[in-house]
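Letters A, B, ... mirror the listed sequences (proteins, then strands); counts begin at 1.
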There are 2 protein chains.
Amino acid sequence: MSATRPLTEEAIVSAALAVIERDGVESLSMRALSRELAVSPMAAYYYVKSKEDLLDLVAERVLAGIAPPARPDLEWPARLRLLVDQIEAALRHHRGIGDVLLDRMHNTQRHVMRAIMELLSEAGFDDQDVVMAYALIHTYLFGRYRVTTQPPPKPSPPLGGEGPTEDEDIVARIRPLFPKLRGRDYYDFGIETLVQGLQRQLELKRP
Amino acid sequence: MSATRPLTEEAIVSAALAVIERDGVESLSMRALSRELAVSPMAAYYYVKSKEDLLDLVAERVLAGIAPPARPDLEWPARLRLLVDQIEAALRHHRGIGDVLLDRMHNTQRHVMRAIMELLSEAGFDDQDVVMAYALIHTYLFGRYRVTTQPPPKPSPPLGGEGPTEDEDIVARIRPLFPKLRGRDYYDFGIETLVQGLQRQLELKRP
DNA sequence: ACCTGAACACCGTTCAAGT
DNA sequence: ACCTGAACACCGTTCAAGT
């Protein structure tokens with residue numbers, strides 16, 4: 001795709017993102033990347049020292065625009081919501097990248113981590129609770145995208161006509177609803193529940 | 001390890017679990033499994049049709065003992081806690097298996113999904129909220145184990161002696177606390193926050 | 001300085017063949 | 001019925017070599 005030579009780190013990251021968005025993050029191999037760049041399989045290694053390194057750069061690019069909301073008029077729950085909404089939007093736009101970020105809490109872009117931690121700290125959480133609250137938010141935000149709400153391509157359940165059995169099985173009743181809800185619905189419910197839980201935690205500590 | 005022949009599905013699953021516990025889930029390849037079983041690389045394929053299939057069986061084994069708490073005297077938040085504590089214990093004992101379960105919400109053992117959903121439904125959530133609450137709990141429980149609280153093996157921060165700069169950077173202040181807290185601390189805070197958030201959601205709907 | 005090519009040590013899986 | 005062996009189409013990465 002990129003006909004530009006010589007290679008640059010920027011071009012490599014762009015190509016990686018292009019592969020991820022087109023074929024999914026599981027299809028991004030160093031070899032697929034080299035095909036995208038129309039260079040030999042080892043060319044990118046002159047610029048990045050490993051695939052992990054490359055993924056860190058990709059994550060950096062995706063989260064580059066995240067900034068703490070400049071809305072001192074709002075309470076911390078609303079400000080937290082505005083902040084994580086930005087992250088969610090970035091992840092939603094770059095499908096698959098959330099998975100990359102999940103297990104790298106320590107490599108999270110410093111500005112993103114700082115924005116969330118400062119907000120929590122100002123809200124009144126002590127340092128230890130900031131750690132745990134951050135970890136909780138991190139796990140939810142970046143873990144979300146690994147969880148699939150689409151059922152596997154198994155034989156689809158026959159539409160129409162009452163199922164022959166087990167109308168008292170809650171799983172049979174609820175499971176069909178999974179794909180009916182949109183990613184946005186899951187996110188809204190999830191993050192709202194988290195924020196309310198955090199508010200409650202704070203109330204319990206400072207009565 | 002297993003000198004028993006012929007192979008059985010049970011022996012294969014046991015061997016897979018042994019590899020996972022010894023070397024981590026990322027080291028479980030079909031070839032490593034065959035080494036563990038002391039058979040040829042393809043032997044296991046007579047019993048499982050793919051690696052994914054095998055991982056489903058492993059997950060099934062790990063979660064086999066989970067059961068809804070028989071404590072009708074307790075309120076739903078306490079019952080939910082007893083239920084997910086069992087799952088957490090199973091995941092903690094079988095390191096790495098949480099990762100396998102994360103992206104397979106639809107393959108979750110039916111009895112586990114049912115136990116959680118029934119509890120939520122009895123608590124008063126409508127079907128749609130049961131879906132979203134289940135997804136939230138699933139994401140947290142199984143996603144947790146992907147998030148590493150141990151910093152990468154980078155040059156360790158010099159112990160003792162004030163850091164030269166940026167004592168106003170909250171990340172520099174907070175990050176060292178990550179490895180100080182135990183997995184149990186993160187879990188307690190996380191699940192407590194979730195449950196309290198869910199309680200609040202219910203209160204808001206039924207005032 | 002920047003890129004290539006061959007090679008190494010791996011994967012999951014198919015398919016024909018052995019017992 | 002149960003297992004093996006060779007082979008295919010992949011990986012990430014090292015290392016020496018080319019320009």
Side-chain angles (χ1 to χ4, degrees), chain A residues 1-20 22-59 96-97 99-104 107 152-154, chain B residues 1-20 22-59 96-97 99-104 107 152-154:
Chain A
M1 283 296 187
S2 316
T4 50
R5 304 259 197 128
L7 253 34
T8 59
E9 192 183 277
E10 206 209 330
I12 290 171
V13 173
S14 294
L17 263 175
V19 173
I20 289 173
R22 177 163 25 82
D23 306 322
V25 74
E26 66 283 349
S27 297
L28 176 64
S29 64
M30 294 305 281
R31 291 165 129 105
L33 176 70
S34 72
R35 267 172 257 134
E36 180 77 15
L37 289 163
V39 292
S40 85
M42 288 305 299
Y45 278 94
Y46 186 77
Y47 299 89
V48 300
K49 77 173 213 299
S50 65
K51 186 179 180 181
E52 243 200 310
D53 212 71
L54 169 66
L55 290 175
D56 282 339
L57 291 171
V58 171
I97 204 64
D99 191 36
V100 168
L101 287 153
L102 180 57
D103 46 10
R104 299 175 191 217
N107 291 19
K154 281 182 191 167
Chain B
M1 285 294 187
S2 314
T4 50
R5 305 261 196 124
L7 253 33
T8 60
E9 191 182 275
E10 206 208 331
I12 290 171
V13 172
S14 294
L17 262 174
V19 173
I20 289 173
R22 178 164 24 82
D23 305 321
V25 75
E26 65 283 348
S27 298
L28 176 65
S29 63
M30 295 305 281
R31 291 166 130 107
L33 177 70
S34 73
R35 268 172 258 136
E36 181 77 15
L37 289 163
V39 292
S40 84
M42 288 305 300
Y45 278 95
Y46 186 77
Y47 299 90
V48 300
K49 77 172 212 300
S50 66
K51 187 179 179 182
E52 242 199 311
D53 212 70
L54 169 66
L55 290 175
D56 282 339
L57 291 171
V58 171
I97 204 64
D99 192 34
V100 169
L101 287 152
L102 180 58
D103 45 11
R104 297 171 194 222
N107 291 19
K154 281 183 192 168

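Contact check for B:Asp53 versus B:Ser50: side-chain heavy atoms found under the 4.5 Å cut-off. The shortest distance between side-chain heavy atoms of A:Met30 and A:Leu54 falls below 4.5 Å.
Within the structure, a side-chain polar atom (N or O) of A:Arg35 is placed less than 4.0 Å from OP1 or OP2 of D:dC11. Look at B:Tyr46 and you won't find any side-chain N or O under 4.0 angstrom from OP1 or OP2 of D:dC3. Distances shown here put every side-chain N or O of B:Ser40 at or beyond 4.0 Å from the OP1 or OP2 atom of D:dG5. The shortest distance between the side-chain N/O atoms of A:Tyr45 and the OP1/OP2 oxygens of D:dC15 is not below 4.0 Å.
Under the Watson-Crick or G-U wobble criterion, with both distances below 3.5 Å, C:dT19 is paired with D:dA1. Taking a pair to require two hydrogen-bonding distances under 3.5 Å in either a Watson-Crick or a G-U wobble arrangement, D:dA6 pairs with C:dT14.
Shown are B:Val19, B:Ile20, B:Val58; of these, the side chain to side chain contact (heavy atoms under 4.5 Å, CB included) with B:Val25 is made only by B:Ile20.
Side-chain proximity of B:Ser29 to C:dA7, D:dT4, C:dG12: nearest is C:dG12. Nearest nucleotide to the A:Tyr47 side chain, out of D:dC3, C:dT4, C:dC3: C:dC3.
Rounded to the nearest 0.5 Å, atoms CZ (B:Arg31) and OG (B:Ser40) are 10.5 Å apart. The CG atom of B:Leu102 sits 8.0 Å away from atom CG of A:Asp99, with the distance rounded to the nearest 0.5 Å.
Residue contacts shown for A:Met42 include a base, since a base heavy atom lies under 4.0 Å away.
Note: CD (A:Glu52) to P (D:dC11) measures 18 Å, nearest angstrom. Rounded to an integer number of Å, the gap from CE of A:Met30 to P of C:dT4 is 13 Å. Protein atom NZ of B:Lys51 is 15 Å distant from nucleotide atom P of C:dT14, rounded to whole Å. For the pair B:Leu33 CG and D:dC3 C1', the computed distance is 14 Å after rounding to whole Å.
Comparing A:Ser27 and A:Lys49 against DNA chain D, the residue whose closest nucleotide sits nearer the 5' end is A:Ser27. Each of A:Ala43 and A:Arg31 was assigned the nucleotide of DNA chain C with the nearest heavy atom; the assignment lying further toward the 5' end belongs to A:Ala43.
When the P atom is compared between C:dA9 and D:dA9, the two are found 22 Å apart, to the nearest whole Å.
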